[in-house]
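In the text below, chain A, chain B and the rest are named by the order of the sequence lines, each starting its count at 1. This structure is a prediction, so every number in the text was calculated from the model and none was measured. No hydrogens, no waters, no symmetry mates; every other heavy atom, side chains included, goes into these values.
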Protein chains: 2
Amino acid sequence: MTVEEATTAPRMKAADRRELILEAATAVFGAKSYVGTTTDEVARAAGVSQPYVVRLFGTKSKLYIAVIERAYERILGEFTRVLPGPPEERMKRMGAAYAGLLVERGMLPVIANSTALGGDPEIGPVARAGFNSIWRFVRDEAGFTKVETRDFMANGMLINAIVGLRLVGAYGTEQSVTEVLNACFPDAVGVRELMPEAGEPW
Amino acid sequence: MTVEEATTAPRMKAADRRELILEAATAVFGAKSYVGTTTDEVARAAGVSQPYVVRLFGTKSKLYIAVIERAYERILGEFTRVLPGPPEERMKRMGAAYAGLLVERGMLPVIANSTALGGDPEIGPVARAGFNSIWRFVRDEAGFTKVETRDFMANGMLINAIVGLRLVGAYGTEQSVTEVLNACFPDAVGVRELMPEAGEPW
DNA sequence: TTGACATGTTATCAGTCGATTACTACAGTC
DNA sequence: GACTGTAGTAATCGACTGATAACATGTCAA
């Protein structure tokens, strides 16, 4: 288990426990995808029993939906935070804000994985809604042009792929990875250290 | 089952059966992701028994690896095919070639899903190798600049996300989907009809 | 034609996972 | 200081899944 493991579960308000579980679930779902993650792994990562996770969220899919919604809200929050300031650097700030979410374990991988679940009758609508909320924000709130919006979103998807592929953990050890990274993060220096390792986190 | 189902399995050369299973597996894996797909579903889609699928490929992960490798080879093949011609339209041709692979069921979804499996010790290296092979081709064979290469790959990832989210099947039924599509496929008309439906394919 | 290998199936198992049930213990309050 | 609702666990179950074993049938060279 790569995700940190809580030791015990002393009494706590249900709302706080919910948030704690959501954070743990984000890390685990992000590392192992939706189907690949068991409710028991989430429970152990959060330091509670497996049945309690199920009882708090109803079903595994409802838990995952809560995780997705929280992740998209988090991204929108970051974008909103860096919105003020010189418009000509706005895209750069927002891109940095997105890449900065790499420090929050599972956040970007969860987003990335959610874009593959459109076919699920329960999760699909939520994933689409999240993606659309980002698109709309970039378009309307940030005021990007059509092409800028598309390119911004496209680069976000590329970052997702790089994270998901663990291209950074393999930095220097596999061919042409260097090129990929230099092309995508020409000036963002500290980003590489924030990425998950290639070996274990599965 | 959304994927077409063969009726029986008359005698066939193992190599041909392998290819037939790979094609069926691409469709199923593409629709339901790696972990979400059972070897039995692949078997039924290919019209053979589940144990035979396992025996032909050894394990489920080896089958999936074969599917990924085949998919990346297919993409490289298409890119190679459209390479000759006026260089100034090269990127457009390659983009169209990529989008054209939408007709081959599961091909693009499999690629998209593979970019989330970098953490798997078996599949990760194969997924990275495939991604790198595309990157290298675009960079070296097609002769794109660094920025062009990144943008081309990024747009590919965006297409993957759009397909994975079933944004096209939801065309007109959910908010802002129209914007997304118009921004991404300004002139590619027939593409929308080629995309999987939003409802069932899960 | 016969034997030997290749193609394929049926039956089955051991492990896993989400969910349910029944139970325990703590905290506030009247 | 009992009463009541909330927080949490242990035990367990039915369904599923990848893999194995044993068996059946077709094909082809000598």
Side-chain angles (χ1 to χ4, degrees), chain A residues 1 3 5-25 28-29 31-68 113 117 120-123 202, chain B residues 1 3 5-25 28-29 31-68 113 117 120-123 202:
Chain A
M1 194 42 141
V3 177
E5 204 152 333
T7 53
T8 52
R11 219 74 196 282
M12 191 180 292
K13 281 240 192 140
D16 297 337
R17 184 66 76 188
R18 243 184 102 89
E19 176 59 25
L20 201 153
I21 292 178
L22 281 178
E23 191 182 332
V28 185
F29 277 130
K32 311 187 60 174
S33 86
Y34 170 56
V35 204
T37 296
T38 69
T39 55
D40 187 61
E41 287 170 312
V42 173
R44 277 190 276 109
V48 295
S49 65
Q50 179 264 340
Y52 194 47
V53 170
V54 174
R55 200 165 75 179
L56 272 187
F57 291 89
T59 64
K60 180 188 175 184
S61 59
K62 284 180 184 168
L63 165 62
Y64 188 70
I65 285 174
V67 166
I68 297 181
N113 289 336
L117 299 178
D120 184 275
E122 287 184 273
I123 301 172
W202 179 253
Chain B
M1 194 42 141
V3 177
E5 205 152 333
T7 53
T8 51
R11 211 68 191 235
M12 192 181 293
K13 279 239 192 142
D16 298 337
R17 184 68 75 187
R18 245 184 100 90
E19 176 60 24
L20 202 152
I21 292 177
L22 281 178
E23 190 181 335
V28 186
F29 278 129
K32 310 188 59 174
S33 85
Y34 170 55
V35 204
T37 296
T38 69
T39 55
D40 187 61
E41 288 170 313
V42 173
R44 275 190 279 109
V48 295
S49 65
Q50 178 264 339
Y52 194 47
V53 170
V54 174
R55 200 166 75 179
L56 272 187
F57 291 89
T59 64
K60 182 188 175 184
S61 59
K62 284 180 185 169
L63 165 63
Y64 188 70
I65 285 173
V67 166
I68 297 180
N113 290 335
L117 299 178
D120 184 276
E122 285 184 273
I123 301 172
W202 178 254

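Nucleotide dA6(C) holds its C1' atom 9 Å from the CZ atom of Arg55(B), rounded to whole Å. One atom, CG of Asp40(A), and another, C1' of dG18(C), lie 10 Å apart when rounded to the nearest Å. Atom NZ of Lys32(A) and atom C1' of dT16(C) are 12 Å apart (whole Å). Taking atom NZ of Lys60(A) as the reference point, atom P of dC17(C) lies 9 Å away to the nearest angstrom. Rounded to whole Å, atom C1' of dA15(D) lies 14 Å from atom CD of Glu41(B). Atom-to-atom, CZ of Phe57(B) to C1' of dA19(D) comes out at 16 Å; the value is rounded to the nearest Å. At whole-Å resolution of the value, NZ in Lys13(A) and P in dG8(D) are 12 Å apart. Atom-to-atom, CG of Leu56(B) to C1' of dA19(D) comes out at 14 Å; the value is rounded to the nearest Å.
Smallest separation of non-hydrogen atoms from Val28(B) and Ala45(B): CG2-CB, 3.8 Å. Heavy atoms only, all atoms of each residue included: Gln50(B) and Asp40(B) are closest at CB-OD1, 3.5 Å. Of all heavy-atom pairs between Ala24(B) and Val42(B), the closest is CB-O, 4.3 Å.
Put simply, the side chain of Lys32(B) never gets that close to the backbone of Thr38(B): no donor and acceptor are under 3.5 Å apart.
For Gln50(A), counting side-chain heavy atoms from C-beta on, the closest listed nucleotide (dT9(C), dG18(C), dT9(D)) is dG18(C). When distances run from any side-chain atom of Tyr52(B) to the nucleotides dT9(C), dA11(D), dT25(D), the shortest one goes to dT9(C). Among the nucleotides dT6(D), dA21(D), dT20(C), the one closest to the side chain of Arg11(A) is dT6(D). Checking dC17(C), dT20(D), dT9(C) against every side-chain atom of Thr38(A), the shortest atom distance belongs to dC17(C).
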Quick one, Phe57(B) with Ile21(B), criterion side chain to side chain contact (heavy atoms under 4.5 Å, CB included). Give me CA distance, side-chain angles, the key distance, then yes/no. CA-CA 10 Å; Phe57(B) 291 89; Ile21(B) 292 177; 3.6 Å; yes
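Taking only side-chain nitrogens and oxygens, Arg17(A) never comes nearer than 4.0 Å to OP1 or OP2 of dA7(D). At the phosphate of dG18(C), OP1 or OP2 sits under 4.0 Å from a side-chain N or O atom of Thr39(A).
Recorded end-axis angle for the helix from dT1(C)-dA30(D) to dC30(C)-dG1(D) stands at 0°, based on five pairs per end and rounded to 10 degrees.
Thr37(B) comes within contact range of the sugar-phosphate backbone alone, with a heavy-atom separation under 4.0 Å but no base atom that close.
Ring geometry, Tyr64(A) versus Phe29(A): the interplanar angle exceeds 60°, so the pair is classed perpendicular (tilted spans 30 to 60°).
The side-chain heavy atoms of Tyr34(B) and Val67(B), taken from C-beta on, include no pair separated by under 4.5 Å.
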